[in-house]
Amino acid sequence: MAYLGEFEQLVLLAVMRLDDDAFGPQIARELDKTAGRPVTRGALYSALNRLEEKGFLNWTPAAAGADRGGHARRLYVLQPAGLEALRDTRASLLALWAGHEKTLGGGKR
Amino acid sequence: MNLHPPQRLARFVDRVLPTGPRGDVMRGDLREEFAQRVRRGSRLAATAWLIVHTISIMVWLQIDRARRGSNHASSGGDRREALRTAVRSLRRAPGYATAVILTLGLGLAIVVTVFAVERGILLRPLPFPESDRLVRIDRVRADGSLANGSVAYPDLDDWRSNIKALDGIAGYSNTELIYSVDGVAEIWKGQSATANFLSVLRVQPHLGLRPEGFAADTAFGARRILLGYHLWQRRFGGTQDVIGRTLHLGDEDWTVDGILPPEFGYPIPGIDFVIPLPESRFWSNRTAGTLRTVARLSESTSLEMARQEVDRVVAAIDAESDAWHHGVAVRGIQAAMVEPVERTLLVFQGAVLLVLLVACANVAALTLARTRRRRRELALRAALGASHRRLVQELLSEVLVLSVVGGVFGLGAAWGGLQTILALMPADMPRTEAVSIDPWVVAFSALVAVGVGVLSGAVPAWRGSRMAFRDAVGTERSVVGAGRRGQEVLAGAQMAVAVVLLFGAGLLTRSFMTLTAVDPGFRTTNTTVVEVGLDSAKYQSREAVLAFHASLMKSVGAMDDVESVGLSTLLPFSPSQLSASVVTEGELFQRDRVRSVNLEFVNGDYVEAMGLPMVQGVALDTSAAPEPKQVLVNEAAARLLWPNQNAMGQLVSFDVEDGQPAAAGSYFRVVGVVGDSLNQSLDQADVPIAYYSLPDVSRYYSFSSGRFFYLAVHTAGPPSPTLPAGIQQALGAIDPTVPPRTITTMDELVATTTRTARFVAVVVLVFAGLGAGVALLGLHGVMAYGVSQTLGEMALRMALGATPGSVRGRVLARAMRVVVVAGSIGAVGAMSMATVLGTYLFQVPPRDPVTLGAVLAITLLGGLAAAYVPAAIASRVDPMEVLKDR
């Protein structure tokens, strides 16, 4: 079973949710908006790089807008290994959470 | 709308992000988000955002690199390679390396020394659990100053039951006990304290009873004692069976309850014992406070909260009593302990930082010169493809290697420096026992070493590498003057800082010299003083005390070389002084127009033994009981009591009652006037003093029992080395249970009062000397280097007819320009920083022009000396030799 850190988990989930809009700035915004986690770009790029090295993420070059000053743009894509890692993590978390829904508030906010 | 980041910031971002496609994407993302943020809000916020996130990327790149370890990434290898190259290159320049190591090592040594002292005294916590929650409560006097040890027991008791913010308040007070065995007596110094003393401090005895088993508060005068660890080791060999044993101390039997832990040293280091508070009528008296306090803040109470509650409770209690009306001050015990030295340490800290600055500038100048010498090599490297980054890394590595070596050297030197500074420290410096080189100090010196390396290496490395690229590309011909000016600026900066340092040191030295030159008003040479205390239980009657005085003066007076012997209840510079309100003949006492004088009760030939000059009249005859009673006043007292009149024959009385004249029989007649003497310290104005005959005055008043006194012994020449032993023997022959507390000379006593001033002056002088020395060496180096670079020019000048004198003049003038500019800047700096030293200066203005003039003259002469050798070399150039080589 693959190991996923908490922050790596959040990044993978954000990439999955954004689907074909998973660019760096958008991932950061998603983490901030949906998970309530503002992230420094340093931490984000470090995590993206790590996930790529582990084979959980891949990227394809994408068309760049005018604001980028001619610099390249990357669209991140979740890989099957990444999906697998998310599934494993979810299963173990659910198993651990089972029976504590009352205390933990049922997972809803 | 401008959606681009500011140009300089954009360049910075471009430079710090990694090269390659990954960095390119980051740059794009950052720009895109920047533009979005500008559209949504302000440009300023977007700029701040960009800076923060760019830095976060830099930090994370380093973290990732560290995580991967040096075997993975190429950059770690790069750095190691740069380090190897640096070491190789330094081996080829041993002179430069030695100079840098010595300069930085010296700078670091003094910084680390001062840090170690600060850490020990100010930062290291006291050896009690949660010692930062311990506070003390002091009474505040009418003038706002704090009265040390003036809390009355009934107040303490009320505070304890009413203040919730404090978890126990303990009271304690200095106490001495006399231990005598086999005819030799010694004084133990300890504390008598309330029962909760140890539990408030959270101290468990090393051996014996738990603190709660210690005699209860209400059992005043219980003869139970906790011995200090070191006393126990020294006196009782650390044997366990001392617990429960009975000791005969003073004239009473005491039971040993337990042993204090070894590290326990509160409130005095090496405390000998703790006993319960003695029986005393004071414990029911609110007006006579003698206790000091220590208390512990309750859980989840802050010092501020405690202050508020204490102020409220104390105000309510004080409203009922009429003793104190100015409340109390609550302070952390550590803060209170170190308060008197904080300023001294701050002055030292300032001085060492200035010296370190000089050292950094010096190393930067040396490195710049070395880089310029190596320009050909560097240009070649640049041409062969070494990157700018690589060259900077290499050049910086060189300085870093040296500063780390210098750091090790400095740490060693700091150890020596620490021993010296501790030896010089005045005895009343608190917590010196906590000063040592511990892991924190080592860590600090490592940090400073690296910081200093970067500080002094960064600019030369950057410039050196840029120079290499310019040379390699050949866009700009080198101009000799350009780099040289940089070095001159650095040399000037060192000189300017040195001027500030020298000025400070000069002020302190002058102040110290003025202080020691003060005439104390009495003879200090050939006078031995002995402090003696008689046990009040044993010497209850006035007659017993006076008999003791008489036999002691008789046997000491019979010793060889002794010219006069006398004693007094007080001595100049003794910590406590007794003063009383007095009235002159017929004067009606008025509470709002009080005239008070210091009282000294003397016996024997005290005035003569102390060498107090008789201005008028005669000394007191202490063997007679004349009517009316006699008194001797000093000139200050005469001026105070009988302005513009002759004091001789006047009458004075202690008998004061509001609106009343003194009773007829209570007057003392002035039979003599003595010269003024400084009584409390050398920097205090003349105090009015009245000298009374102890045998006479003790007949009527109980001001002083004479049980505690100072014997003054004046010898014909310097006191012989056997005199103290002789006095000790004489004391032992009269009563073996009476040990002398101290035997010293007036010279030493006067010297101790100037010890702090001397200590501060010596330390700052040493720092300033080091700083100035380094600065002058720096100037010398820059001038010598300049001359070596312009030998061709000099040779040409001489070939064209310049005289050696004019060439020498040119070099000296160049040096003088640096010195004069630096001196002026330094003088301005010195003037603006002068007030820092204000409280240390005695009769020397903080902007003393004499000191400044002297410092500038020294700087000018030093500058001339530093530049003279290079100038002489330049003037002795043989044009033929030099120009042939070109």
Side-chain angles (χ1 to χ4, degrees), chain A residues 2-8 10-11 14-15 18 20-34 37-79, chain B residues 1-41 43 45-69 72-73 75:
Chain A
Y3 167 76
L4 265 187
E6 189 242 4
F7 187 62
E8 292 176 342
L10 292 178
V11 172
V15 170
L18 287 165
D20 55 0
D21 198 23
F23 303 100
Q26 282 72 9
I27 297 170
R29 202 174 313 137
E30 183 71 13
L31 287 172
D32 192 356
K33 217 175 56 192
T34 313
R37 278 279 289 264
V39 292
T40 62
R41 298 304 175 265
L44 178 64
Y45 290 125
S46 167
L48 287 170
N49 201 38
R50 230 163 31 240
L51 290 167
E52 189 193 325
E53 277 171 8
K54 287 181 183 173
F56 296 165
L57 278 185
N58 209 341
W59 56 267
T60 51
D67 287 346
R68 301 183 61 88
H71 295 293
R73 197 176 186 214
R74 275 180 187 182
L75 173 68
Y76 289 90
V77 184
L78 189 65
Q79 295 300 295
Chain B
M1 190 186 289
N2 179 5
L3 298 175
H4 301 291
Q7 261 191 12
R8 292 175 75 124
L9 180 56
R11 269 209 303 277
F12 171 74
V13 173
D14 280 350
R15 209 165 49 224
V16 297
L17 293 187
T19 48
R22 202 174 144 224
D24 199 42
V25 172
M26 292 178 190
R27 284 184 193 97
D29 284 358
L30 289 176
R31 285 204 165 201
E32 183 183 331
E33 276 196 80
F34 179 84
Q36 281 170 9
R37 277 165 197 275
V38 173
R39 277 196 204 98
R40 271 210 314 267
R43 192 173 160 77
T47 306
W49 178 88
L50 183 57
I51 294 170
V52 168
H53 286 273
T54 305
I55 292 172
S56 87
I57 292 175
M58 289 164 70
V59 171
W60 273 94
L61 284 171
Q62 292 304 318
I63 295 173
D64 287 349
R65 207 169 274 160
R67 265 194 200 152
R68 271 184 219 122
H72 193 295
S75 194

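So you know, we letter chains A, B, ... as the sequences are listed, proteins then strands, and number each from 1.
Put simply, of B:I57, B:I55, B:V25, the one with the most heavy-atom pairs under 4.5 Å next to chain A is B:V25. Ranking A:S46, A:G70, A:G69, A:A28 against chain B, the residue ahead of the rest is A:S46, based on heavy-atom pairs under 4.5 Å.
Minimum interatomic distance between B:S56 and A:T40 (heavy atoms only, all atoms of both residues): OG-CB, 3.4 Å.
Remark: A:R73 does not engage B:D29 in a salt bridge, criterion side-chain N to carboxylate O under 4.0 Å. Taking 4.0 Å as the cut-off between side-chain N and carboxylate O, A:R29 and B:E33 do not count as a salt-bridged pair. Salt-bridge annotation for A:D67 and B:R39: present, with a side-chain N of the basic residue lying under 4.0 Å from a carboxylate O of the acidic one.
Of the possible polar contacts, one joining the B:H53 side chain to the A:R41 backbone as a donor-acceptor pair under 3.5 Å is found.
At most 12 heavy atoms of other shown residues, nucleotides or ligands fall within 6.0 angstrom of atom CZ in B:R8.
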Checklist entry - Can you check side chain to side chain contact (heavy atoms under 4.5 Å, CB included) on A:R74 and B:R22, steps first, answer last? => result CA-CA 9 Å; A:R74 275 180 187 182; B:R22 202 174 144 224; 4.0 Å; yes
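Under the 4.5 Å side-chain criterion, counting only non-hydrogen atoms from C-beta, A:R50 is in contact with B:D64. With a 4.5 Å cut-off on side-chain heavy atoms, B:R31 and A:H71 count as touching.
Using a 4.5 Å cut-off between heavy atoms, A:Q26 touches chain B through its side chain atoms alone.
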